[in-house]
Amino acid sequence: MNRRTGTTLIEVLVVIVIFLVGILAVVQIFPKGFKILLQSRNASVATSLSRDEAERLKALSENLPGMILPVIYRDGVAMVDSSRSSSDLGPEGASLDQNGNLLDVDGNVVGPWSLYSGANAIRRVVGETHQIPSTRMTGLAANTAGGLLVLDFGPTDPNAPLNVYANDLALQPVLPADLTLRTLEPGVFDTSYLTGDGEFFVSNPNLNSVALLLPMGATARTFHLSLSANIAVSSKTTKRDYVDISVAIPATTVGSVSGTYPLYGVTLANVLALVSGESLQTIELGTLRVGRQFNRIATTALFDSADAFQFKVLNPSLGVLQFNPAAHGLTLPSTGGVREALRARINYDVYDWRILRDDFRLVDENQHQLPIPSLKVASTTGADGLLNGNILPLESTPTLSGLLDTSLANEARADNFVLVDLDTGGVYMERLPGDPDTSPSPLIQVDKSLGLITFRDADGTASNGIQQKILLPDGTVRDVDIRGRAVRALYRAKNEVAVQVLMAASRYTLSLTRPGVGQYYIGGSNAGLGGTPTRIYFPAVDAGRKVSVGEANYVQTGNRLGQVIGQDFVVSYQPGVNPVGLPSIDLRDVDVNAQSFDFSSAVPASGIKGASVAVRVVWNPETFKLTGNASNNLQALNAYGRSYRRSTTETFIQRGEVSR
């Protein structure tokens with residue numbers, strides 16, 4: 001009798017169960033592995049983006065702003081949010097509604113959470129500086145001629161103040177004794193008190209009645225001010241930093257005499273947007289900067305050849321400006337009788353650091369690869385579950401605007417991609433005029449999964465290059481060969497990727513109280529404020545930035561004197577007790593024997609300025625869901641904010657003041 005051995009059904013089932021348990025254990029490894037690979041890839045892309053932006057900024061070193069700051073607005077006046085540090089990515093609001101809008105404590109809408117948190121918590125550009133461009137035509141009509149300028153960090157927020165102003169006026173230290181007795185605002189001083197057009201006086205600088213005495217002209221003028229002021233609020237005194245104050249003064253009927261001008265008095269307390277219960281105590285004179293402001297005119301108007309201080313905003317979303325041709329090559333008087341070239345300094349809000357920029361030129365190829373794939377699409381949802389929407393903002397008060405949006409050029413297919421022509425300020429049209437949006441052969445095709453841009457020759461004739469159509473700021477369309485032209489691609493990527501620029505102030509002034517923006521405080525110099533005697537303290541927003549100390553004199557162990565010259569430091573929150581509560585640099589980092597600054601020296605520390613520019617890439621792969629409960633929504637947003645990833649590239653860029 002033959003016996004055949006086999007496997008029972010029970011044994012087979014046991015083996016299957018064992019295999020399943022083992023396979024499931026192995027399978028669980030794969031998602032974690034894929035997640036790690038994805039995180040590594042995202043970090044690598046972020047590092048590449050930050051390095052690319054740093055290289056772009058090196059080429060723009062002459063144009064770099066003096067500061068990039070967090071600000072709040074009161075009656076249209078920008079005041080620095082002194083409590084905000086660069087590491088604080090939290091939202092500016094008390095609650096978050098189901099439409100994604102942050103609300104203040106009174107229930108008023110602050111704005112979309114994405115524009116008031118994360119990288120966008122710091123987005124006020126102060127003092128981006130440019131030579132006045134030469135004249136060119138941006139359209140066919142005579143009113144399209146002027147000096148064209150595309151701002152370096154656009155798109156800009158069209159609903160935030162955009163101020164354009166010129167070189168600093170020189171503060172005259174000597175004021176005639178009886179000038180302070182004259183009637184101020186709105187009085188005009190008689191012609192026995194005259195000043196040069198590039199100068200101004202300050203009356204009563206250490207009193208709450210401080211006033212500016214500004215040079216008048218044959219036409220009305222506007223001046224731009226920035227300063228730090230000590231404001232009494234109830235029984236307390238607080239320092240408030242102003243970066244955008246506009247002061248208008250009337251024209252004078254008194255003719256200038258030998259290049260001198262009558263003075264107009266302006267009481268500072270009247271222009272600082274103070275409310276009930278607040279009063280001006282003093283200003284910090286070293287922070288006061290005054291410049292002649294350019295006046296914005298309508299895009300359809302003609303420039304006045306007799307008034308060089310005019311400009312237009314051709315596209316308020318893209319940050320395309322145009323200057324009066326009379327301003328190009330103009331020089332202004334400066335201290336000592338030397339004249340200097342007129343420059344434009346611009347203050348504006350970056351609309352959204354999540355709108356990425358890629359400047360490039362096509363040579364012979366008809367394709368360009370963006371640095372990052374996986375672009376956003378307006379019809380899909382973002383991190384909060386709401387639709388992504390369009391890439392560019394619209395101006396809510398279009399009284400002086402020309403082209404408000406670029407929908408004619410973009411349509412739906414490129415709703416999160418815009419290609420800007422840097423020579424004209426126009427936008428490249430994605431399709432031929434009249435083509436349906438479903439046209440299978442657009443002029444510009446963007447593969448949003450790969451980040452690949454393909455250009456189709458509009459006329460199909462190889463001999464005249466790659467013909468494309470530009471929608472100009474005046475609404476006309478021009479045919480151009482895109483090869484060799486300077487263009488800027490604007491796009492948004494998934495995971496809320498933002499490329500943000502951070503920088504210390506281009507120069508710092510000494511403060512004997514808690515330092516505001518562009519100021520430093522020497523520890524122990526004020527008994528009431530205190531501080532470690534070997535440290536120099538900076539405002540919170542400068543944490544993590546690198547500064548250069550021109551000269552510092554100090555006392556070493558054994559009462560010996562020491563000195564540092566041209567030393568770089570990183571501003572940080574130092575270990576140990578911090579009575580000032582601000583980031584600082586410490587002499588003991590370069591000399592362990594340092595005991596305190598030498599206050600017997602005329603200059604304990606001077607020549608302090610920003611020494612580098614940082615490019616920070618912020619992204620977040622997580623999501624959250626909005627509900628009808630505004631309080632719970634804010635909690636969900638805060639939980640989402642804890643998942644931000646960061647990659648920072650710090651680069652040395654020698655940034656000197658290009659105007660006084």
Side-chain angles (χ1 to χ4, degrees), residues 52 138-139 150 154-155 314-315 317-320 351-352 354-380 388-393 403-494 497:
D52 288 348
T138 58
V150 181
L314 300 186
N315 193 307
S317 297
L318 294 176
V320 181
Y351 176 63
D352 189 349
R354 298 173 307 154
I355 298 177
L356 309 182
R357 291 172 299 276
D358 184 24
D359 293 357
F360 65 93
R361 296 176 187 266
L362 284 178
V363 184
D364 293 321
E365 68 275 11
N366 71 331
Q367 289 186 324
H368 176 75
Q369 178 67 57
L370 293 173
I372 186 170
S374 302
L375 275 62
K376 280 190 175 184
V377 180
S379 58
T380 60
N388 287 317
N390 202 354
I391 187 173
L392 293 180
L403 186 66
L404 293 185
D405 62 63
T406 56
S407 59
L408 178 62
N410 298 125
E411 292 298 339
R413 192 182 296 113
D415 45 28
N416 271 264
F417 174 87
V418 175
L419 190 66
V420 182
D421 185 68
L422 297 180
D423 290 332
T424 64
V427 176
Y428 283 89
M429 302 188 70
E430 189 203 359
R431 63 183 181 86
L432 288 170
D435 274 5
D437 188 54
T438 55
S439 171
S441 301
L443 292 176
I444 301 175
Q445 188 169 20
V446 184
D447 188 322
K448 293 187 176 180
S449 297
L450 301 176
L452 181 66
I453 312 169
T454 302
F455 298 90
R456 179 172 69 89
D457 190 358
D459 63 3
T461 304
S463 60
N464 61 358
I466 304 174
Q467 290 292 309
Q468 293 287 302
K469 293 184 178 293
I470 300 177
L471 178 63
L472 297 174
D474 68 345
T476 60
V477 177
R478 177 188 298 177
D479 292 346
V480 298
D481 179 4
I482 196 173
R483 294 179 307 175
R485 294 184 72 92
V487 298
R488 174 174 296 167
L490 301 173
Y491 62 101
R492 291 193 298 187
K494 295 180 179 179
V497 178

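Quick note: residue numbers are just sequence positions, from 1.
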Straight-line distance of K448 NZ to L370 CG, nearest 0.5 Å: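 Output value for this atom pair is 11.0 Å.
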Distance (rounded to the nearest 0.5 Å) between F360 CZ and H368 NE2: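 If I round to the nearest 0.5 Å, the distance is 4.5 Å.
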Partner set under side chain to side chain donor-acceptor pair (under 3.5 Å) for D423, not counting sequence neighbours: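 For D423 there are no side chain to side chain donor-acceptor pair (under 3.5 Å) partners, ignoring immediate neighbours.
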Once side-chain contact (heavy atoms from CB on, under 4.5 Å) is applied, do any residues pair with [X], and if so which ones, sequence neighbours excluded?
X	value
V150	V320, L422, R488
R483	D364, I466, D481
T380	V377, N388
L450	D447, L452

Test item: [X] and [Y] side chains (from C-beta on) under 4.5 Å apart, heavy atoms:
X	Y	value
R354	K376	yes
I391	F417	no
V427	L318	yes
D358	Y491	yes
L443	E430	no

Contact summary for A493 and P373, nearest pair of heavy atoms: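 What the structure gives for the nearest pair is CB-O, 4.5 Å.
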Closest non-hydrogen atom pair, L314 against P473: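 Smallest interatomic distance, heavy atoms only, reads CB-CB, 3.8 Å.
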Modelled atom types, side-chain donor and acceptor of T461 and N464, under 3.5 Å: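 N464 and T461 do not have a side-chain donor-acceptor pair below 3.5 Å.
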T454: which of E365, Q367, Q445 passes side-chain hydrogen bond (donor to acceptor under 3.5 Å, both in side chains):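 Testing T454 for a side-chain hydrogen bond (donor to acceptor under 3.5 Å, both in side chains) against E365, Q367, Q445 leaves exactly one candidate, Q367.
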Stepwise side chain to side chain contact (heavy atoms under 4.5 Å, CB included) test for V420 and R357: CA-CA 10 Å; V420 182; R357 291 172 299 276; over 6 Å; no
Among I470, L490, I482, side-chain contact (heavy atoms from CB on, under 4.5 Å) partner for L419: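 In the set I470, L490, I482, the residue that makes a side-chain contact (heavy atoms from CB on, under 4.5 Å) with L419 is I482.
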Those residues that, when tested against D479, pass salt bridge (charged side-chain N to carboxylate O under 4.0 Å, His left out) (two or more places apart):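 Expected list: K469.
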Whether Q369 side chain and G451 backbone form a donor-acceptor pair below 3.5 Å: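 Such a contact is found between Q369 side chain and G451 backbone.
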Side-chain donor or acceptor of Q468 paired with backbone N/O of R456 under 3.5 Å: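 Here the side-chain-to-backbone pair exists.
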